[in-house]
Each structure stands twice: as C-alpha cells, then as structure tokens.
Undergrad: 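Pasting a structure here, questions to come.
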Amino acid sequence: MSEKTAAAPQGAAQTGEPLPLLGRKGAPAPPVRIVHLGLGAFHRSHQAWFTAHASDAAEWGIASFTGRRPDAAVTLAAQDGLYTLVERGGDGDRFEVVGSIAEAVDGADVARLNDLLSSPSTAIVTLTVTEAVYEKDDADSPLGRLVRGLAARRDAGAGPIAVVSCDNVAGNGEVAEAAVCRIAEGIDVGLAGWVREHVSFVGTSVDRITPRTTPEDVAEVAAQCGYRDESPVVAEPFANWILSGEFPAGRPRWEDAGAQFVDDIEPFENRKLWLLNGAHSLLAYAGQLRGHATVAEALADPECRQAMEAFWDEAERHLTLPELGVPAYRQALLDRFANPRIAHHLAQIAADGTTKLRMRAVPVLAAEQADGRSGVAAARMIAAWMDFVAASASSGADFQDPQKEQILAAVGLEGRDRTAALLGLVAPEFVADSPVVDRIDALRGSLTRS
C-alpha cells in the first residue's frame with residue numbers, strides 16, 4: 001500500500017467525532033522477505049519508502065525490529081505497520097500512507113528474528129544501526145542478534161542472504177562484513193566461514209533528510225488526513241539510494257523508485273559523507289555554538305556558511321569523477337539545507353561526534369595533508385566539535401557520544417593538552433603531528449559567537 005492523500009477529508013475531523021486509527025482494515029500485508037534492524041524515522045522515510053515504490057512491492061514486505069527500546073514497534077504494530085510519510089517541500093506538504101512494513105517488532109524478540117532469518121523466503125537484511133554499533137561486540141547488540149540469526153539460518157539450511165548496511169559509514173558494506181565476521185568468530189569459527197561463503201554484504205550511500213517528528217506533525221496529519229497516526233514521518237522531497245553488491249536471493253525493483261546500482265560505490269559514498277554529512281556536522285557544532293537550533297538557521301549565518309563552503313572546497317578537490325556532478329550536488333545541498341519547512345535540529349545531528357568526524361572530517365584533512373596543503377577547513381570542523389563538547393561539559397548540558405567519558409576527561413585538561421587529548425579520540429594518527437595539533441588548537445574558538 002502506498003497511497004497519496006491529496007486533501008483533508010471532511011467528516012470526523014470537523015464533526016468532533018474520534019478519528020479512526022490508521023490501519024489495514026483487513027487488507028493483507030505483503031509477505032515478509034526483508035528483515036530490518038533499526039526501526040526508526042530514517043528507515044521509514046528511506047528503505048521502506050523505496051520498497052513501497054518498487055513495481056513488485058506487493059511481494060516484498062519488511063519486518064522491522066527496533067534497537068534499544070520497543071516503543072516504536074508497539075506504536076507501529078497498533079497501526080498494522082502503516083504510517084504516513086509527510087513530504088515537506090518549500091511549497092507545502094504531501095501525505096502518503098506507506099505499507100511496506102508488514103511487521104513492527106521489539107528488537108528484544110530474538111525468537112522472531114531467528115524464525116525470520118531461518119526462512120528461505122527471507123532474502124535481505126537491511127541495517128540502520130548508527131555508526132557506533134559496528135564497533136561493539138556485545139552479543140545483545142543489533143549485530144550480535146543478527147549473527148545469532150545467521151547461525152539459525154545456517155542450521156536451517158535456508159541458503160544465501162544479502163546484508164545491506166544503510167548507515168553513514170565509509171565502506172559500510174565492508175565495515176558490516178568485518179563486524180559480523182568478528183562477532184561470528186567469537187561464537188563459532190565455523191559460523192564465520194559460513195557467513196563468508198553464504199552472506200553477501202552490499203555497500204550503500206543513503207540520503208534523505210528526516211527530522212524528528214513533533215507533536216505538531218502528528219496533529220497536522222490528523223487534521224489533513226482525517227485519521228489518527230501516532231507515528232508519522234516527516235522528510236524532504238529529495239531521496240537518494242546508491243547500492244553496490246550482490247543479492248543472491250533476489251531483491252525488490254528499487255530502481256523503480258530511483259535507486260542506482262553501481263560497480264564502485266566509494267566515490268559516491270565520499271561525496272555524501274563529506275559534502276552532506278560533513279556539512280551537517282560542521283553546522284551542528286558551529287551552529288549551536290553560535291546560538292542556532294536548525295540547519296536552515298545555521299546556513300543563514302555567514303560565518304557558518306563560509307566555514308561550510310571552505311570545507312566543501314577542500315573536499316571537492318578529492319571528488320574528481322565527472323559522474324559525481326559535484327557542482328550541481330553542492331547547489332542541490334544548499335537548496336535542501338535552506339528549506340525553511342524542514343526543521344532539521346542541530347542537536348540531533350551532533351550526536352556521536354567522535355565516530356562521525358572520523359569519517360567526515362578526518363579523511364579530508366588527511367587527503368589535504370597528503371597533497372601538501374594544510375586542510376585548515378577540515379581542521380576547523382574538528383576544532384568546532386572540541387569547542388562544542390567543552391561548552392556542553394562546562395554548562396552541564398548532556399550530549400551523546402560512545403566516548404563520552406573520555407571526552408569529559410580530556411575536557412578537564414587545559415590549552416593545547418586538551419586539544420591533543422580530544423584529537424586523539426577522533427584522529428589518533430595526527431596526535432604526534434605537531435603542526436596539525438597546533439593548527440587545530442589555534443582554530444579553537446574561531447566559530448564561537450563573540
């Protein structure tokens with residue numbers, strides 16, 4: 001099911017009668033052939049949306065499992081997996097009911113996960129588990145649960161399967177493979193061998209700005225659509241998905257929705273990680289330091305925009321393939337970032353800075369250094385992050401990061417020692433490079449509002 005709601009229905013919304021809860025009303029869900037780990041707003045605005053728009057969508061249902069908490073699954077299950085996608089453009093909103101999620105499941109329900117992964121009809125596992133999860137060996141982490149599910153698939157003789165990472169990680173297919181094999185080896189060396197032989201790891205570049213849903217968004221869906229949806233998703237009109245790898249058990253026709261399949265994904269990954277995600281990180285830290293709350297607000301600040309454009313100039317020198325269309329991509333990003341109706345909150349983007357900067361700022365700094373340039377714009381992004389975490393620690397404001405304790409310990413140091421200690425959490429390879437440390441130290445405070 002994927003329907004466009006063009007206008008607000010009359011009736012219940014105007015008579016004061018309770019609105020009906022969104023649901024399938026007896027219509028069958030598509031059969032589960034995809035398992036997703038990381039049920040959240042981005043998954044629903046992206047992979048689930050692409051699946052719903054495939055010409056063979058009726059054959060490809062998704063069972064989406066939550067990560068840390070069951071709440072999203074409980075809410076979505078009450079709606080039979082249906083939700084409203086609010087496509088928020090500069091000229092207004094469009095509403096679409098997306099029906100590709102056949103089951104919404106608590107991530108702790110490992111029995112259901114094992115059942116699905118043991119089925120030969122399950123062909124794909126997609127992941128949106130955040131960058132930090134790939135570094136964990138916890139058996140109860142999403143990847144730990146996946147490995148146990150793959151063991152169940154091996155034992156059932158269910159055949160090959162594709163694992164598709166949709167996280168903002170450089171080389172996410174290879175990273176996912178390394179993490180899964182590492183965890184598998186800790187369980188059973190034979191399992192790791194089976195994974196290498198029977199599991200394909202597909203690399204991707206994913207892109208769709210998806211801000212957090214607000215109570216106002218929930219109210220708007222009720223007013224405009226004439227039903228209750230406790231879990232709508234808001235997204236920009238733009239959506240992009242580039243994939244590279246094999247699908248040994250088949251896949252939906254995602255290309256019908258605009259997905260691209262390429263032989264070498266790395267250049268496209270880097271374009272996305274550096275230009276989109278890198279700009280987001282820079283705006284998140286500099287923007288909050290300068291009193292802004294959203295991407296659009298930070299972009300309107302000349303200091304933030306100048307810093308972002310300078311970083312883009314550095315990154316563009318290392319994005320040389322003509323098919324990347326970097327000038328047009330940059331202009332499109334400016335248009336997307338400036339969308340006044342997408343409240344993409346900087347606090348949301350700022351989470352997990354040590355992990356994100358390692359992939360967004362550090363590669364550009366390293367590439368510039370290798371070419372004999374200073375990489376000052378990439379260094380400024382790292383300095384802005386340092387100022388942000390120091391300001392957060394000083395004010396007692398909370399922030400999310402897998403190395404939070406180490407950050408707080410480093411922030412307790414003074415001057416250049418603080419800079420070197422924080423740099424060691426993001427780019428330890430540069431800690432012994434005195435000119436780099438000195439440059440970042442000199443840039444501290446350069447994007448703080450005076």
Side-chain angles (χ1 to χ4, degrees), residues 41 68-69 130-132 168 209 211-216 277-308 310-311 337 342-362 365 376-428 430-431 437-450:
R68 300 178 190 141
R69 297 167 56 89
T130 78
E131 297 94 323
N168 288 319
I209 295 173
R212 284 197 178 113
T213 302
T214 68
E216 290 76 19
N277 301 127
H280 268 167
S281 287
L282 178 55
L283 294 175
Y285 303 124
Q288 289 184 92
L289 289 168
R290 297 175 64 78
H292 306 305
T294 68
V295 169
E297 290 175 11
L299 185 68
D301 182 327
E303 292 292 329
C304 291
R305 177 159 177 169
Q306 182 179 9
M308 182 190 75
F311 176 73
F337 288 177
I342 287 286
H344 200 179
H345 292 280
L346 301 176
Q348 177 186 0
I349 300 168
D352 299 335
T354 55
T355 303
K356 291 176 178 177
L357 290 181
R358 203 172 300 140
M359 290 171 283
R360 301 177 182 186
V362 175
L365 175 59
V376 63
R380 185 179 290 111
M381 186 195 303
I382 297 170
W385 167 75
M386 293 178 178
D387 290 335
F388 168 78
V389 294
S392 298
S394 177
S395 66
D398 193 26
F399 64 91
Q400 178 182 317
D401 197 282
Q403 298 192 78
K404 184 175 180 179
E405 290 185 10
Q406 296 94 319
I407 290 171
L408 293 175
V411 166
L413 303 174
E414 298 291 336
R416 190 182 185 280
D417 290 340
R418 173 191 287 184
T419 299
L422 287 171
L423 182 61
L425 302 178
V426 172
F430 283 118
V431 172
V437 177
D438 291 341
R439 184 171 300 112
I440 294 174
D441 190 57
L443 289 166
R444 296 282 306 276
S446 63
L447 287 170
T448 302
R449 184 182 294 280
S450 57

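The structure displayed is predicted, hence computed values, not measured ones.
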Undergrad: Is any side-chain heavy atom of L357 closer than 4.5 Å to a side-chain heavy atom of M386?
TA: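 Side-chain contact under 4.5 Å: no.
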Undergrad: Tell me if a side-chain donor or acceptor on R358 pairs with a main-chain N or O of L425 at a distance below 3.5 Å.
TA: yes
Undergrad: Please list all pairs passing the salt bridge (charged side-chain N to carboxylate O under 4.0 Å, His left out) test where one or both residues lie in residues 416-425, with sequence neighbours left out.
TA: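 Residue pairs with at least one partner in residues 416-425: R416-D438.
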Undergrad: Report yes or no: does S394 contribute a side-chain atom to a donor-acceptor pair with the main-chain N or O of A390 at less than 3.5 Å?
TA: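 Looks like no, no N/O pair under 3.5 Å.
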Undergrad: Any side-chain heavy atom of H345 within less than 4.5 Å of one from T294?
TA: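 Yes, at least one pair of side-chain atoms sits under 4.5 Å.
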Undergrad: Given side-chain contact (heavy atoms from CB on, under 4.5 Å), test N168 with R360 step by step and report yes or no.
TA: CA-CA 9 Å; N168 288 319; R360 301 177 182 186; 4.0 Å; yes
Undergrad: Can you name the closest pair of heavy atoms from D387 and L289 and give their distance?
TA: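 Nearest heavy atoms, D387 then L289: CB-CD1, 3.6 Å.
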Undergrad: What distance separates L365 CG from R439 CZ, expressed to the nearest 0.5 Å?
TA: 8.0 Å
Undergrad: Taking all heavy atoms of V431 and all of G424, pick out the closest pair and write down the distance.
TA: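 Shortest heavy-atom separation between V431 and G424 comes out as CG2-CA, 3.4 Å.
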Undergrad: If the condition is ring pair (Phe, Tyr, Trp, His ring centres under 6.0 Å), which residues does F337 pass it with, not counting sequence neighbours?
TA: H280
Undergrad: Roughly how far apart are Q403 CD and T355 OG1, rounded to 0.5 Å?
TA: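 If we round to the nearest 0.5 Å, Q403:CD and T355:OG1 are 7.0 Å apart.
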Undergrad: So do the side chains of L447 and C304 get within less than 4.5 Å of each other, counting heavy atoms only?
TA: no
Undergrad: For the pair K356 (side chain) and N277 (backbone), establish whether a donor and an acceptor sit closer than 3.5 Å, ignoring hydrogens and angles.
TA: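 Absent.
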Undergrad: Looking only at heavy atoms, which two atoms of S392 and F399 are closest? And how far apart?
TA: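 For S392 and F399, the tightest heavy-atom pair comes out as CB-CD2, 3.7 Å.
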